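See below for the structure under consideration.
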Protein chains: 2
Amino acid sequence: MPTTIKDIAKALGLSTSTVSRALNDHPQINDETKNTIRTLAERLNYKPNQAAAGLRTHKTYCIGLIVPSISTHFFSTVISGIQQVASARGYQLLICQTKESEDEEKKYIDALVSGRVDGLMISVSRGTKNFDHLRYATEEMPVVLFDRVTEEVDAILVEAKDYEGSHKGTTHLIKRGCKNIAHLAGSKGLVVAQNRQKGYEAALKDHGMKVDERMIVDCDWDKEKVPEAIKLLLRHNPNLDGIFAANDEVAVQAILELKKLKLKVPEQVAIVGFGNYPISEIVEPTLTTVKHHPRRIGANAAHKLLSSIDPGYTNWKEEYITSDLIKRGSA
Amino acid sequence: MPTTIKDIAKALGLSTSTVSRALNDHPQINDETKNTIRTLAERLNYKPNQAAAGLRTHKTYCIGLIVPSISTHFFSTVISGIQQVASARGYQLLICQTKESEDEEKKYIDALVSGRVDGLMISVSRGTKNFDHLRYATEEMPVVLFDRVTEEVDAILVEAKDYEGSHKGTTHLIKRGCKNIAHLAGSKGLVVAQNRQKGYEAALKDHGMKVDERMIVDCDWDKEKVPEAIKLLLRHNPNLDGIFAANDEVAVQAILELKKLKLKVPEQVAIVGFGNYPISEIVEPTLTTVKHHPRRIGANAAHKLLSSIDPGYTNWKEEYITSDLIKRGSA
DNA sequence: CTGAAAGCGCTTACAG
DNA sequence: CTGAAAGCGCTTACAG
């Protein structure tokens, strides 16, 4: 059995009230008393039971995190960023993954909202069509939505510069001289994918080019769908000379596929991705891509949530999220 | 304020005891009473406060996870595996990352052991030299150590087949005709790195080849150190014709570096990695490597921990951890 | 089958 | 400066 406040009180002939106050550095406790209590606490290796304290104070010092997947490069890096700022502020992180399922998302929200956490960070599942459970969460506690956001609920939002980045990436292809630029799009239902597509379309228009719906193929962020998509594009327009892909995984797969078809990258078809993930430096040619900031997104999301939980803490500076192009071999 | 057992009791003119029992499906409660209670609980969207329940029952239904890093491909995949089995058994996952620091590891163990979790899963930091805090944890609750294990403490261990896999990988190079095989080793202090090195050495000896200490270079799992390591090896032995790398990241970097030096892979130098991580399929030539099973390792570790927490649950079958070679272009 | 009571480990208004 | 008491939301032995 771990040491409790009671053990210390008994050993010292004091009340638990006094021990509790001493341990919490209450100003009205005699310094000597504090010292004795702390010394003994140290020696008995006393650790406060946060669950018990939380029961009284309605604070758990835990925040819940719900993501579609833990193991992709993007999300694992976001999580790492969140964990670091949460921990620095004395909060623990409870992690759940939905596997893109609305049911799982609902289940986890229910479990976490029931007194386990002080706030919630969510990246919405692809499968989520009904937003009632998210609305319920926002009524119960502070909620921040990141990356996979929705305007359907009233929560704090943290996003990457998807539109701007895609605009820059596409513009780079245009400046390079590409005339027939396709877009390998993400999942149509996701705002983040829509924003990237909008950035692509706007860049074309801004340079007096027409948007051809048939040059936009939904790959669902799924690299398996890339070979088919590329063939479709080439059938529609054999003059295809540029591709802006909604993420690096799809872009890299496109490079591999074009090479298989004996098309030269970037000479015949130039490619730009989104993410700057590790594979972008490994593929040959290396991938020109828009830099993503998963760690900063995580840190900002965590800071915003914690500032909403403890309005006292406000003096952090938001980390800057850019959308800079990293020029490499593929475009 | 969320609904409590008290609200339900009051609304129904029953005692909290009865409500609690009904909600926990206690056999001695009248079916009709159960129904009324459950119906109301449902309607009020009642969710039990697990922290409060845990205070009484000494169960938190949380397990703690301490890893050196959340965002590497290996660990993020392990975590995903852990999360899935924990969740399936009704447990939540608390995640901490040590950034390879012994101090952080100690801090997190202290925080988690203090009544927050029912058990602990740890992958030990590179920086950990003193194991007292791990020993302390094992005295307080069930602990499983995975991947980064140590024999210094009495815990449940879950490891990959590092020795066998490395033996197979090295043997493949030998069978291919390589005569001067180097090893790009992991961090010397880690058992997992030592086991991979031992597998390499044993394979050489088993085929009547000598182990040359100077053909083993410690890269510390760090791809930044690879270019230097390769140059060192070539200086020592210009006939270098094979490399077994302790992980894929290092192996891929070795391929890139050799290409830079105008050495042909696999014709002049053949390379085998360990891990089968995504980059191994993207690099050119694609990487021959030993398949790792991070998800299964996570699942097994979680199952073992939960079986140790609830000895009742025993009928799960351990997932099979193999060490098969995946032959691709680099060897 | 149901209830009153005690208690898990803590905090905190109230009193002295 | 310190303590007695109540209470956070739950469970459970004891009684009836």
Side-chain angles (χ1 to χ4, degrees), chain A residues 1-38 40-41 44-62 90 111-118 140-141, chain B residues 1-38 40-41 44-62 90 111-118 140-141:
Chain A
M1 283 286 89
T3 310
T4 70
I5 242 175
K6 217 177 182 176
D7 302 325
I8 299 179
K10 205 182 294 172
L12 258 28
L14 290 167
S15 74
T16 56
S17 323
T18 304
V19 174
S20 170
R21 290 195 186 98
L23 262 11
N24 289 311
D25 205 16
H26 188 105
Q28 283 188 178
I29 299 291
N30 185 307
D31 279 348
E32 226 171 287
T33 318
K34 273 188 193 170
N35 274 334
T36 339
I37 290 172
R38 286 172 181 174
L40 184 62
L44 297 180
N45 196 19
Y46 169 76
K47 302 281 188 284
N49 179 326
Q50 296 295 350
L55 203 53
R56 272 299 324 241
T57 59
H58 291 287
K59 283 278 304 171
T60 65
Y61 287 98
C62 276
L112 292 177
V113 164
S114 64
R116 283 189 165 296
V117 297
D118 296 336
E140 298 293 325
M141 55 178 64
Chain B
M1 282 288 86
T3 310
T4 70
I5 240 174
K6 220 180 185 171
D7 302 325
I8 299 178
K10 204 182 295 170
L12 259 27
L14 289 168
S15 73
T16 57
S17 323
T18 303
V19 174
S20 170
R21 290 195 185 100
L23 262 13
N24 289 309
D25 205 16
H26 189 105
Q28 283 189 178
I29 299 290
N30 184 307
D31 280 347
E32 226 171 289
T33 317
K34 274 189 192 170
N35 274 334
T36 339
I37 291 173
R38 286 174 180 169
L40 184 62
L44 297 180
N45 198 18
Y46 168 77
K47 301 283 190 286
N49 180 326
Q50 296 295 348
L55 202 55
R56 272 296 326 239
T57 58
H58 292 288
K59 281 280 302 172
T60 65
Y61 287 98
C62 276
L112 293 178
V113 164
S114 65
R116 281 188 166 299
V117 296
D118 296 336
E140 298 293 324
M141 55 179 61

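Both backbone and side-chain heavy atoms feed into the values below; hydrogens, waters and symmetry mates do not. Within every chain, numbering begins at 1; the chains are lettered A, B, ... in the order of the sequence lines, protein sequences first and strands thereafter. Bear in mind the structure is a predicted one, so any value in this text is a computation, not a measurement.
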Taking only side-chain nitrogens and oxygens of [X], does any of them come within less than 4.0 Å of OP1 or OP2 of [N]?
X	N	value
Asn49(B)	dC8(D)	no
Tyr61(B)	dC10(D)	no
Lys6(B)	dG7(D)	no

Classify the nucleic acid contact of Thr57(A) as base, sugar-phosphate or nothing, counting any heavy atom under 4.0 Å across all strands shown.
sugar-phosphate
Using a heavy-atom cut-off of 4.0 Å across all strands, would you classify Ser20(A) as base, sugar-phosphate, or nothing?
base
Do Arg38(A) and Asp25(A) meet the salt-bridge criterion of a basic N to acidic O distance under 4.0 Å?
yes
Distance between C1' atoms of dT12(D) and dG16(D) (Å, rounded):
16 Å
On a whole-Å scale, what distance lies between the P atoms belonging to dA5(C) and dC1(C)?
24 Å
Work out which heavy atom in [X] is nearest to a heavy atom in [Y]; give both atom names and the distance.
X	Y	result
Ala51(A)	Ala51(B)	CB-CB, 4.3 Å
Thr18(A)	Ile37(A)	O-CD1, 4.0 Å
Leu44(B)	Thr3(B)	O-OG1, 2.9 Å
Thr16(A)	Lys6(A)	CG2-CA, 4.0 Å
Asp118(B)	Tyr61(B)	OD2-N, 2.8 Å
Tyr46(A)	Leu23(A)	CE2-CD2, 3.7 Å

Once you round it to whole Å, what is the distance between [atom2] of [N] and [atom1] of [X]?
X	N	atom1	atom2	result
Lys47(B)	dG9(D)	NZ	P	16 Å
His58(B)	dG9(D)	NE2	C1'	15 Å
Leu55(B)	dG9(C)	CG	P	7 Å
Lys10(B)	dG9(D)	NZ	P	11 Å
Gln50(B)	dC8(C)	CD	C1'	15 Å
Asp7(B)	dC8(D)	CG	P	11 Å
Lys59(B)	dC10(D)	NZ	P	18 Å
Leu23(A)	dT11(C)	CG	C1'	12 Å

What does dA4(C) pair with, Watson-Crick or G-U, if both distances are under 3.5 Å?
none
State the pairing partner of dA13(D); accept Watson-Crick or G-U wobble contacts with both distances under 3.5 Å, and report none otherwise.
none
Each nucleotide N or O in nucleotides 1-5 of chain D that has a protein N or O under 3.5 Å away: list the pair and distance.
| from | atom 1 | to | atom 2 | distance (Å) |
| --- | --- | --- | --- | --- |
| dT2(D) | OP1 | Thr33(A) | OG1 | 2.8 |
| dT2(D) | OP2 | Asn30(A) | N | 3.1 |
| dT2(D) | OP2 | Thr33(A) | OG1 | 3.4 |
| dG3(D) | OP2 | Ser15(A) | N | 3.1 |
| dG3(D) | OP2 | Ser15(A) | OG | 3.2 |
| dG3(D) | OP2 | Thr18(A) | OG1 | 2.6 |
| dG3(D) | N7 | Arg21(A) | NH1 | 3.2 |
| dG3(D) | O6 | Arg21(A) | NH1 | 3.4 |
| dG3(D) | O6 | Arg21(A) | NH2 | 2.5 |
| dA4(D) | N7 | Ser17(A) | OG | 3.2 |
| dA4(D) | N6 | Ser17(A) | OG | 2.9 |
| dA5(D) | N6 | Ser17(A) | OG | 3.4 |

